[in-house]
> 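Questions regarding the structure given below will be posed in turn.
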Amino acid sequence: MQDQWGQDGDPAQRAVAADACLPVTKSLTALCVDDVGVDGAAVAIMTDAARSRDLLCATDSVAARIDELQFTIGEGPCMDAFVGGESITTSDVGEQTAAARWPAFSSELLDEVGVRGIFAYPIFAGGAQLGVLELYRRQNTALTSSQNTAAHVLTIRLGAVVLSELETYRWSLDPTQYPRWEGSYRFARADVHAAVGMLSVRWKTSPADAGLRLRARAYAESRSISSMARDIVHRHGQLADEDAS
């Protein structure tokens, strides 16, 4: 089942999963809405210069869609905040500087989602970059100094909580039903990397080119790249309209 933007799964089921696996992370993410004075919030974890990322929780489908758009298009303030290790606050993505920096993302955000303000804060744990707190406002109003401070304080709290809850969740699973993985967290979007590798071989091109073509295809079809990648992996490297060879 998909929502209006092609996000996979029942939102209610995703909310139950977040409650069960990451209750404090979800609670702090929701707290951001009131404490910072925004319309919605999400927390994503990332590795490898933002090439690998996953959404942990979002307060609503708009926040989830904003995260997925950046992952699909390959640009956006949240990705830049993680790579640069500094917060990026953009009260109006339609403003000339923001539109020039993230042209595809800005256009989609305004036309499809109806959001103007994006505020991204890197999350650190033990001195290492862990992810990003993603906030949005529908109106083009900047954060006040106190609101900005509140967001920074919440990222500090999230850093310790996210790492702890992910590790606790990993060891709470029944190994006979859910084999444990190496490391603290296995990306749910790992299918994207598998799909890129499969398409690279199939198309006889580099992984970078295959990744660009996959993103372009997902963007053109208004689908999440995660959903399209999962279909490709299940079809053993084929897109939906390709004949088996």
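What's counted below: heavy atoms across the whole structure, side chains too, no hydrogens, waters or symmetry copies. In this text, all values refer to a predicted model and were calculated from it rather than measured experimentally.
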> Report yes if the side chains of V132 and I123 come closer than 4.5 Å at any heavy-atom pair, otherwise no.
no
> Are any non-hydrogen side-chain atoms of P122 and E86 less than 4.5 angstrom apart?
no
> Do the side chain of S106 and the main chain of P103 share a donor and acceptor less than 3.5 angstrom apart?
no
> Below 4.5 Å, heavy atoms only, C-beta onward: do P77 and R101 meet side chain to side chain?
no
> Is any side-chain heavy atom of V62 less than 4.5 Å from a side-chain heavy atom of R138?
yes
> Mind checking the CG-SG spacing from L154 to C32? Nearest 0.5 Å is all I need.
4.5 Å
> A side-chain contact here means heavy atoms from C-beta on lying under 4.5 Å apart; do I118 and L135 qualify?
no
> Give a yes or no on whether E95 atom CD has more than 12 heavy-atom contacts from other residues, nucleotides or ligands under 6.0 Å away.
yes
> Looking at T59, D39, D60, D67, which one forms a side-chain hydrogen bond (donor to acceptor under 3.5 Å, both in side chains) with Y136?
D60
> Is the closest side-chain heavy-atom distance between R157 and L31 below 4.5 Å?
yes
> With rounding to the nearest 0.5 Å, note down the distance linking CG in L143 to CZ in F119.
4.0 Å
> Working to the nearest 0.5 angstrom, can you tell me the gap between E134 CD and I88 CD1?
11.5 Å
> Rounded to the nearest 0.5 Å, how far apart are CG of L56 and CD1 of I45?
4.5 Å
> Going by the side-chain hydrogen bond (donor to acceptor under 3.5 Å, both in side chains) test, name the single residue among Q70, E68, E75 that passes it with T72.
E68
> Is L130 close to F124 at the side-chain level, that is, under 4.5 Å between some pair of heavy atoms?
no
> Do W102 and S107 come close enough that some side-chain heavy atom pair is under 4.5 Å?
no
